[in-house]
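These notes concern the structure reproduced below.
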Amino acid sequence: MTSPNPRPNMMYEWKGHASPPNGWRYAKETMQKLDSEGRIWYPDSKDKRPRLKRYLNEMPGRIMDNVWTDISPINSQAAERLGYPTQKPLALLERILQASSNPGDVVLDPFCGCGTAVHAAQKLGRAWIGIDITHLAISLIEKRLRDAFPGITFETHGAPVDLAGAADLAARNKYEFQWWACSLVNAQPFGGKKKGADTGIDGLIYFQDDLKSAGKKIIVSVKGGEHVGRAMIADLKNSVEREGASLGLFVTLTPPTQPMIAEAASAGFYASPHRGNFPKIQILTIAGLLAGHERPDYPDLSMGAATFKKATVERGDRGQSALFP
């Protein structure tokens, strides 16, 4: 409550408190009004000066400048981190959208990565369109949106929806097909999507079926060619053994042969500590996965969170102040 500049006419004693060197900021009449409204805080010691009480609803803040330092980047321990290498903070995209659009507008992100922009758009009541070149990114965004907004509905264009579409993708780009097929069983692409020699491992799934033990591993092998046979199942069995995995999934575009089924059965079962036995090698067809009548069979207390971190469920509507008067 002190004046920033010398004001001789404001130098007076107030309720036992001597005048500041430059004088008070307010005249006695104003001081009396503030005192009657309970807006002045008085210290216990007369050596200290009274202070004006301020409330947040009276302080509109300041206009944002070009450098934003109040939003922290996503570090390795951030709660919203989903594991995507270039993921941006949700608060950053919310601020950008609030500053440049209004509820009901359409937001386009043509390089949507892990979907932070479309997540922010959905949260703020905007319509949105997200585009990415990889089927893996699209599947990650689909999962993120369904985790964050239970019951959400949206359309995905360009991803295979039937066997013919899957076969076309496999013929055009085997890596994209493998990454897309991994998404059907909620698997991480092996080796961080790096293209290279076929190691027999195309994806990994982590699961937990015992609270006392660490997460366990499932190896996923994807085949999009027409010629599949027993030797491929034998290779998967070897990979499971070599990598110390608990199970193996063989995902195939072409229906398996009887020798393949017999070879898978010969691997026996994985014995869960508390949940029974599960086939150690499981063969799943793309057609069955798309139709929904085939799915991996294994116990998982984490419900998929051991493989992919789940986005936090968005609750309520914070609303938004008008951008323009």
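Index from 1, following the sequence.
- In this structure, CG in Leu92 is found 9.0 Å from CD1 in Ile74, a value given to the nearest 0.5 Å.
- The CE atom of Met260 lies 4.0 Å from the CD1 atom of Ile233; values are rounded to the nearest 0.5 Å.
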Quick one: side chains of residues 242-253, donor-acceptor pairs under 3.5 Å with protein atoms, not counting sequence neighbours, listed by atom name and distance.
| residue | atom | partner | partner atom | Å |
| --- | --- | --- | --- | --- |
| Thr252 | OG1 | Thr254 | N | 3.1 |
| Thr252 | OG1 | Thr254 | O | 2.6 |

Report task. I would like to know whether Arg39 and Glu58 meet salt bridge (charged side-chain N to carboxylate O under 4.0 Å, His left out); could you show each step before the answer? Result -> CA-CA 13 Å; Arg39 297 298 302 273; Glu58 301 171 337; 2.9 Å; yes

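- Between Pro296 and Leu284 there is a side-chain heavy-atom pair separated by less than 4.5 Å.
- Heavy-atom minimum distance, His119 versus Ala148: CE1-CB, 3.6 Å.
- Cluster annotation: Ile138 is not connected to Val222 through the hydrophobic network of ILVMFWY side chains, with a link wherever side-chain heavy atoms come within less than 4.5 Å.
- Remark: Leu236 CG to Ser221 OG distance equals 5.5 Å, nearest 0.5 Å.
- Met59 CE: 12 or fewer foreign heavy atoms inside a 6.0 Å radius.
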**Report entry** Evaluation steps, side-chain contact (heavy atoms from CB on, under 4.5 Å), between Arg275 and Leu301
**Finding:** CA-CA 11 Å; Arg275 291 166 178 78; Leu301 295 176; 2.9 Å; yes

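- By the 4.5 Å heavy-atom criterion applied to side chains, Leu34 and Met1 are counted as neighbours.
- Checked by atom type and distance alone, the side chain of Arg144 pairs as donor or acceptor with a backbone atom of Cys114 at under 3.5 Å.
- For the residue pair Ser266 and Lys237, a side-chain donor N or O sits within less than 3.5 Å of a side-chain acceptor on the partner.
- Nearest approach of Pro50 to Ile40, heavy atoms of both residues: CB-CG2, 3.7 Å.
- In this structure, the side chains of Gln188 and Tyr206 come closer than 4.5 Å at one or more pairs of heavy atoms.
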Query raised in the report: Would Leu289 and Val185 count as a side-chain contact (heavy atoms from CB on, under 4.5 Å) if you check the C-alpha gap in whole Å, the side-chain angles of each, and the deciding distance to 0.1 Å?
Result: CA-CA 8 Å; Leu289 291 169; Val185 294; 4.0 Å; yes

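- By the 4.0 Å N-to-carboxylate-O rule, Lys46 lies too far from Glu13 to be salt-bridged with it.
- Rounding to the nearest 0.5 Å places CD of Glu314 at 10.5 Å from CG of Leu145.
- If you check the side chains of Lys33 and Tyr26, you find no donor sitting under 3.5 Å from an acceptor.
- Counting heavy atoms from C-beta outward, Val107 and Asp105 have side chains that stay 4.5 Å or more apart.
- For Trp128 (side chain) and Gly125 (main-chain N/O), no donor-acceptor pair under 3.5 Å exists by modelled atom type.
- Partners of Phe278 by ring pair (Phe, Tyr, Trp, His ring centres under 6.0 Å), not counting sequence neighbours: none found.
- Contact record, Gly203 with Cys182: CA-SG, 3.8 Å, taken as the closest heavy-atom pair.
- Transitive grouping of hydrophobic side chains (ILVMFWY, heavy atoms separated by less than 4.5 Å) keeps Leu140 and Leu90 in distinct clusters.
- Side-chain heavy-atom separations under 4.5 angstrom define the hydrophobic clusters, and the remaining members of the one that includes Ile131 are Val106, Leu108, Ile129.
- By the side-chain contact (heavy atoms from CB on, under 4.5 Å) test, Ala262 pairs with no residue at all, sequence neighbours left out.
- Qualifying salt bridge (Lys or Arg N to Asp or Glu O under 4.0 Å) partners for Asp162, counting only residues two or more places apart in sequence or in other chains: none.
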Requested in this report: Could you check Thr116 against Gln87 for side-chain hydrogen bond (donor to acceptor under 3.5 Å, both in side chains), going step by step and ending with a plain yes or no?
Outcome: CA-CA 7 Å; Thr116 305; Gln87 182 179 349; 4.7 Å; no

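- From Ile218, atom CD1 reaches atom CD1 of Ile205 across 5.0 Å, with rounding to the nearest 0.5 Å.
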Requested in this report: Report the C-alpha distance between Thr156 and Glu142 in whole Å, list the side-chain angles of each, state the deciding distance to 0.1 Å, and finish with yes or no for side-chain contact (heavy atoms from CB on, under 4.5 Å).
Outcome: CA-CA 9 Å; Thr156 302; Glu142 290 175 329; 2.6 Å; yes

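- A side-chain donor from one of Tyr42 and Asp35 sits under 3.5 Å from a side-chain acceptor of the other.
- To the nearest 0.5 angstrom, Gln98 atom CD is 11.0 Å from Leu93 atom CG.
- The ring pair (Phe, Tyr, Trp, His ring centres under 6.0 Å) test applied to Phe111 returns no partner, not counting sequence neighbours.
- Residue His293 places its NE2 atom among more than 12 non-hydrogen atoms of other residues, nucleotides or ligands, all under 6.0 Å distant.
- Under the 4.5 Å side-chain heavy-atom criterion for Ile, Leu, Val, Met, Phe, Trp and Tyr, Trp179 and Leu82 are members of distinct hydrophobic clusters.
- The shortest side-chain heavy-atom distance between Ser139 and Trp180 does not fall under the 4.5 Å cut-off.
- With Pro43 as the partner, the side chain to side chain contact (heavy atoms under 4.5 Å, CB included) test is satisfied by one option alone out of His17, Arg49, Arg51: His17.
- A donor and an acceptor atom, one from each side chain of Arg25 and Thr30, are nowhere located under 3.5 Å apart.
- Between Ala166 and Ile286, the shortest heavy-atom distance links the atoms CB-CG2, 3.8 Å.
- Judged purely by atom type and a 3.5 angstrom limit, Asp132 has no side-chain atom pairing as donor or acceptor with the backbone of Ala137.
- The 12-atom threshold is not exceeded at CG of Asn66, counting heavy atoms of other residues, nucleotides or ligands nearer than 6.0 Å.
- The main-chain N or O of Pro279 is found under 3.5 Å from a side-chain atom of Gln282 such that the two form a donor-acceptor pair.
- Cation-pi check for Arg7 over Trp24 is not met; the charged atom does not lie both under 6.0 angstrom from the ring centroid and within 45 degrees of its normal.
- In the hydrophobic clustering of ILVMFWY residues, with side-chain heavy atoms under 4.5 Å counting as a link, Val313 and Ile152 come out apart.
- Enclosure of atom CD1 in Ile133 is not indicated, since only 12 or fewer non-hydrogen atoms of other residues, nucleotides or ligands lie within 6.0 angstrom.
- A centroid separation of 6.0 Å or more is found between the aromatic rings of Phe177 and His135.
- Taking the six-membered ring where the residue is Trp, Trp14 and Tyr12 present perpendicular rings, their angle passing 60° and hence far from 30°.
- Nearest heavy-atom pair, Glu176 versus Asn173, reported as atom, atom and distance to 0.1 Å: N-OD1, 2.9 Å.
- The closest donor-acceptor contact from the side chain of Thr285 to the backbone of Gly288 lies under 3.5 Å.
- At a threshold of 4.5 Å between side-chain heavy atoms, the hydrophobic network of Ile, Leu, Val, Met, Phe, Trp and Tyr places Ile71 and Ile96 in one connected group.
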Report task. Assess whether side-chain hydrogen bond (donor to acceptor under 3.5 Å, both in side chains) is satisfied between Asp209 and Tyr270, documenting all intermediate values. Result -> CA-CA 12 Å; Asp209 64 345; Tyr270 161 72; 2.6 Å; yes

Query raised in the report: Does the side-chain contact (heavy atoms from CB on, under 4.5 Å) test come out yes or no for Asp202 and Phe190, once each step is laid out?
Result: CA-CA 5 Å; Asp202 298 310; Phe190 180 67; 5.6 Å; no

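- A pairwise comparison of heavy atoms in Pro20 and Thr2 identifies CG-CG2, 3.3 Å as the closest pair.
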